[in-house]
There are 2 protein chains.
Amino acid sequence: MVLKAQELFWEKGYNATSLSDLSTATGAGAGSLYNTFKGGKKELFKKSLQQRKEDLEGFKIKLANSDTPIELIKSFFISVATASKKSHLKGCIVANTIVEMTFIDEELENEAIEILKETEKLYTTTILAAQKKGNIKSKIPAPTLGKHLITLWCGINTLRRIYPDKEILKQQIELQLQLIN
Amino acid sequence: MVLKAQELFWEKGYNATSLSDLSTATGAGAGSLYNTFKGGKKELFKKSLQQRKEDLEGFKIKLANSDTPIELIKSFFISVATASKKSHLKGCIVANTIVEMTFIDEELENEAIEILKETEKLYTTTILAAQKKGNIKSKIPAPTLGKHLITLWCGINTLRRIYPDKEILKQQIELQLQLIN
DNA sequence: CTATTTTTGTATCGAATATTACAAAAATAA
DNA sequence: TTATTTTTGTAATATTCGATACAAAAATAG
């Protein structure tokens with residue numbers, strides 16, 4: 001149920017998604033939605049965000065089990081270029097929420113910010129380890145490179161709406177990943 | 001009147017800004033607003049976007065009158081870091097609109113995309129000229145570098161909401177501007 | 001089985017939304 | 001001045017919003 005709601009929120013954002021939309025998409029009546037998610041629409045949105053947090057935990061585990069986790073991160077970024085057109089247009093629900101919710105709902109904004117900061121932490125740790133192992137030659141401090149990947153992520157997630165084009169995106173992503181070498 | 005409306009739209013986005021908000025902010029009654037802007041709320045938003053287009057024209061002229069226009073572009077990016085906290089949180093109304101309006105209103109989305117593409121064109125032209133003049137040594141094709149600046153712009157405009165911090169932003173911007181050298 | 005609790009869908013609520021009708025007021029024209 | 005047009009603010013419009021009340025239905029317990 002949350003996944004169906006997440007898909008809608010991801011596409012249309014919080015404000016433009018009505019409870020009627022959610023009811024149709026999930027197949028549950030308004031009463032059921034409010035019984036299941038006591039906080040109503042907002043709670044349902046929170047759950048949709050937290051879902052991404054869990055996905056991040058899954059990625060964390062993958063990185064922990066990899067010999068060259070930094071390569072996993074790089075290929076994750078590169079794989080964005082070949083996503084579907086709809087994925088391009090949807091962008092990232094976390095980044096979208098930060099943009100939409102500033103000045104509107106501090107709690108939702110902060111939830112989204114927290115997720116990106118946690119992602120950044122994961123990147124930074126991985127980069128630092130790779131530098132020590134010699135898999136990254138760059139002497140740029142790991143925290144700087146970690147933030148750079150977040151900036152890249154946010155940038156690409158708008159660029160892919162302007163240019164939902166595999167070649168353009170691949171070019172831009174690889175250009176910026178050169179810093180992590 | 002448009003500027004007051006623009007300020008509100010810029011902060012809260014299209015959907016979260018009500019006509020009542022606009023009426024209060026501009027000091028004009030609903031009747032006046034609809035008489036002045038025949039398309040209602042949407043037309044007022046369009047005008048707010050077009051205002052940015054005119055600002056871009058102003059920047060174009062500045063570049064045309066400069067001996068080293070590429071330096072103007074660079075210092076524009078760097079100056080973003082030292083903006084006010086509110087400016088950081090507001091981000092860019094054009095980029096915000098692209099994020100908010102995909103799947104919601106194709107016309108507004110395309111208006112915003114057009115502005116960023118025109119900005120990109122301006123960057124690309126300037127970069128190409130600087131390469132020919134020897135002011136940029138990089139052999140990366142100008143169109144690629146132009147798109148890179150757009151990606152940087154969109155990325156920074158989300159990063160500055162997460163970190164409305166002068167030092168962090170300056171560091172990230174300068175890191176990415178190294179590609180334009 | 002029966003009794004009790006939980007879940008569901010519908011109908012409805014009040015509030016807020018964008019828009020319009022319209023009359024008073026202001027500006028302009030003659 | 002007087003006549004005409006334009007602009008303004010208020011009130012009312014229909015619609016949609018998120019949320020709730022509530023009774024039927026389903027699930028669970030004993």
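At whole-Å resolution of the value, CZ in A:Phe9 and C1' in D:dG18 are 11 Å apart. Straight-line distance from the CG atom of A:Asn15 to the P atom of C:dT17: 11 Å, rounded to whole Å. Rounded to an integer number of Å, the gap from B:Leu19 CG to D:dC17 C1' is 16 Å.
Heavy atoms only, all atoms of each residue included: B:Thr17 and B:Lys41 are closest at O-NZ, 2.8 Å.
Apart from B:Ile61 itself, the hydrophobic cluster it occupies contains nothing, where clustering links Ile, Leu, Val, Met, Phe, Trp and Tyr at side-chain heavy-atom distances under 4.5 Å.
Contacts between residues 20-45 of chain B and DNA chain D, counted as heavy-atom distances below 4.0 Å, involve B:Ala28, B:Gly29, B:Ala30, B:Gly31, B:Ser32, B:Asn35.
Panel note: side chain B:Thr125, backbone B:Lys121; a donor-acceptor pair is recorded below 3.5 Å.
A donor-acceptor pair shorter than 3.5 Å cannot be found between the side chains of B:Thr24 and B:Asp21.
Between B:Trp153 and B:Phe76, the ring centre distance stays below 6.0 Å.
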